[in-house]
Protein chains: 2
Amino acid sequence: MFSKSTEYALRATIYIARQSSIHKKVSIQEIAEGIGAPKHFTAKILQQLSNKNAQIVSSISGPSGGFYITEEASKKPIYIVVEAMGENTVIESCVLGLPNCNDATPCSMHKSYKGIKKELLGMFKNRTINEVANSKDCLTPVYFNRNK
Amino acid sequence: MFSKSTEYALRATIYIARQSSIHKKVSIQEIAEGIGAPKHFTAKILQQLSNKNAQIVSSISGPSGGFYITEEASKKPIYIVVEAMGENTVIESCVLGLPNCNDATPCSMHKSYKGIKKELLGMFKNRTINEVANSKDCLTPVYFNRNK
DNA sequence: ATTATTAAAGATAATTTTGTCCTTAATTTT
DNA sequence: AAAATTAAGGACAAAATTATCTTTAATAAT
Ligand code: FES
Ligand code: FES
């Protein structure tokens, strides 16, 4: 559904929200291993998630530095992660790839897709980062690095 | 959601199902223009859709040749198009990109996604090519080449 | 048979995505 | 102040996707 980048971004955000706080930061190394993603690629993605526009995760350089997420940010919907990666279109656009997916210019899948699209959007817009990260639905410790 | 290839494949299949019959075939040229896709790239995709494994669309070379779809094929679900392009995983796999999206090994999005996934799959597995192509929901003639 | 038309097939190129590496800057510890 | 640790940033490389071009094969019309 999403690109690798966005998948890693979601996993990294959830990982950070689970493992860290302002007092206990996590390193790129740890995050990359925890989510099963290449280290340097993960670093790039974390930059996107922490830059001025996104401000989803926070970071501090130097020893005992690393990444963490503020209470404030963790209350935001996971949608912002997808948005920061520029992939919100994946959820919002036409199944057939036509421009303007809306009731005024429907494609022949639109009527079937409309409801699903709404639910998909809802899933990302209504659930907060914190809620997803600490959901009781799955708390296996080795969660993100299941063997592929 | 899908790759360009799969989007083109879906549009092309729907286009052919609308415009053609065994008596009135359509050329690559016409299809490509009709769906707003690059001609030679469309040709490649049509090859995939017509090869021995897929057999979704049929073709005949030579003058007055072109593509068409059999009654039999048009009764199959549009899912087979997505499958022929090797992108059924898009619908079937984990939102976070983890392996084995199922109730036994859920990720923290799984519970929310489960129902949506089922509907998405249903949309592709329950609707036939013919049904989608000739749906009353959208019969605008210039449908596939809306200006982008 | 020859010519024209159309898809099939293969080679190549451009672009985007994914992944790696190396240097710099920031910050803490010693 | 110096050394160590960590993220930031930029350059580069590999792989995958998308797109184009050229030649070949099939078929029909002349
Ligand atoms: S216009 Fe195609 S899904 Fe909405
Ligand atoms: S396991 Fe992640 S959506 Fe099913």
Side-chain angles (χ1 to χ4, degrees), chain A residues 1-12 15-16 19-20 22-33 35-69 85-87 89-90 97 148, chain B residues 1-12 15-16 19-20 22-33 35-69 85-87 89-90 97 148:
Chain A
M1 163 160 263
F2 296 117
S3 66
K4 288 273 182 209
S5 298
T6 298
E7 287 175 357
Y8 295 158
L10 286 165
R11 306 218 294 253
Y15 186 91
I16 294 168
Q19 307 288 325
S20 83
I22 181 71
H23 299 110
K24 188 199 168 229
K25 288 155 214 136
V26 286
S27 69
I28 291 175
Q29 177 80 38
E30 180 186 338
I31 297 166
E33 279 174 9
I35 69 174
K39 184 174 154 185
H40 296 286
F41 196 48
T42 303
K44 293 292 174 204
I45 288 163
L46 289 171
Q47 276 175 37
Q48 286 189 68
L49 296 179
S50 66
N51 74 21
K52 205 158 79 346
N53 299 317
Q55 296 198 131
I56 296 168
V57 299
S58 310
S59 69
I60 291 182
S61 288
S64 83
F67 290 86
Y68 65 98
I69 190 165
M85 302 304 295
E87 291 218 330
T89 54
V90 170
K148 293 212 183 193
Chain B
M1 163 159 263
F2 295 118
S3 67
K4 289 271 182 207
S5 298
T6 299
E7 288 175 357
Y8 295 158
L10 286 166
R11 306 217 294 254
Y15 186 90
I16 294 169
Q19 307 288 325
S20 83
I22 181 71
H23 299 110
K24 189 202 168 226
K25 289 157 213 132
V26 285
S27 68
I28 290 175
Q29 176 79 40
E30 179 186 339
I31 296 167
E33 278 174 9
I35 69 174
K39 185 174 153 186
H40 294 287
F41 196 48
T42 303
K44 292 293 172 203
I45 288 162
L46 289 171
Q47 278 174 34
Q48 286 189 68
L49 296 179
S50 66
N51 73 21
K52 205 159 79 342
N53 299 315
Q55 295 197 132
I56 296 168
V57 300
S58 309
S59 69
I60 292 181
S61 288
S64 81
F67 290 87
Y68 64 98
I69 189 164
M85 302 304 295
E87 291 218 330
T89 54
V90 171
K148 294 213 183 192

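Here is the naming used below: chain letters follow the sequence lines, and residue numbers restart at 1 for every chain.
Nucleic acid contact class of B:V26 (heavy atoms, under 4.0 Å, all strands): sugar-phosphate only. Among the heavy atoms of the strands lying under 4.0 Å from B:K44 is at least one base atom, whether or not backbone atoms are also near.
Across the protein-nucleic acid pair, B:F2 atom CZ and D:dT18 atom C1' stand 18 Å apart, rounded to whole Å. To the nearest angstrom, P of C:dA8 lies 10 Å from CG of B:N51. Counting to the nearest Å, the P atom of C:dT20 and the CD1 atom of A:I45 are 12 Å from each other. In this entry the distance linking CD of A:E30 with P of D:dA7 reads 10 Å, nearest Å. Atom pair A:Q29:CD and D:dA7:P shows a separation of 9 Å (rounding to whole Å applied). Atom pair B:E87:CD and D:dT18:P shows a separation of 8 Å (rounding to whole Å applied). As a whole-Å value, the separation of B:K25 NZ from D:dT27 P is 11 Å. Nucleotide D:dA19 holds its P atom 14 Å from the CG atom of B:L46, rounded to whole Å.
Rounding to the nearest 0.5 Å gives a distance of 13.5 Å between NZ of A:K4 and CE of A:M85. Between the OG1 atom of A:T42 and the CD atom of A:E30 there is a distance of 12.5 Å, given to the nearest 0.5 Å. Interatomic distance, CD1 of B:I31 versus NZ of B:K25, reported as 12.5 Å (0.5 Å rounding). A distance of 9.5 Å separates OG of A:S50 from CD1 of A:I56, quoted to the nearest 0.5 Å.
For the OP1/OP2 pair of D:dA19 and a distance below 4.0 Å, the side-chain nitrogens and oxygens of B:Y8 include at least one atom meeting the criterion. For B:S27, no side-chain nitrogen or oxygen approaches OP1 or OP2 of C:dT5 to under 4.0 Å.
Along DNA chain C, the nucleotide closest to B:G66 and the one closest to A:T42 are compared, and the more 5′ of them pairs with B:G66. Comparing A:K39 and B:Q47 against DNA chain C, the residue whose closest nucleotide sits nearer the 5' end is B:Q47.
Results of the ring pair (Phe, Tyr, Trp, His ring centres under 6.0 Å) test with B:Y8 over B:F41, B:Y15, B:F2 single out B:F41 as the only residue that passes.
No side-chain donor-acceptor contact under 3.5 Å links B:E87 to the backbone of B:T6. Under a 3.5 Å cut-off, the side chain of A:Q19 and the backbone N or O of A:V26 do not form any donor-acceptor pair.
Each of C:dA8, D:dA7, C:dT20 was ranked by its minimum atom distance to the side chain of B:F67; first place goes to C:dA8. When distances run from any side-chain atom of B:S59 to the nucleotides C:dA8, D:dA19, C:dG19, the shortest one goes to C:dA8. When distances run from any side-chain atom of A:F41 to the nucleotides D:dT18, C:dT18, D:dA8, the shortest one goes to C:dT18.
Between B:F67 and B:L49, the closest side-chain pair of non-hydrogen atoms is not below 4.5 Å.
D:dA4 is paired with C:dT27 under the criterion used here, namely a Watson-Crick or G-U wobble arrangement in which both key atom distances are under 3.5 Å.
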Under 3.5 Å, which protein N or O atoms sit close to an N or O of nucleotides 22-28 of chain C? Give each pair with its distance.
none

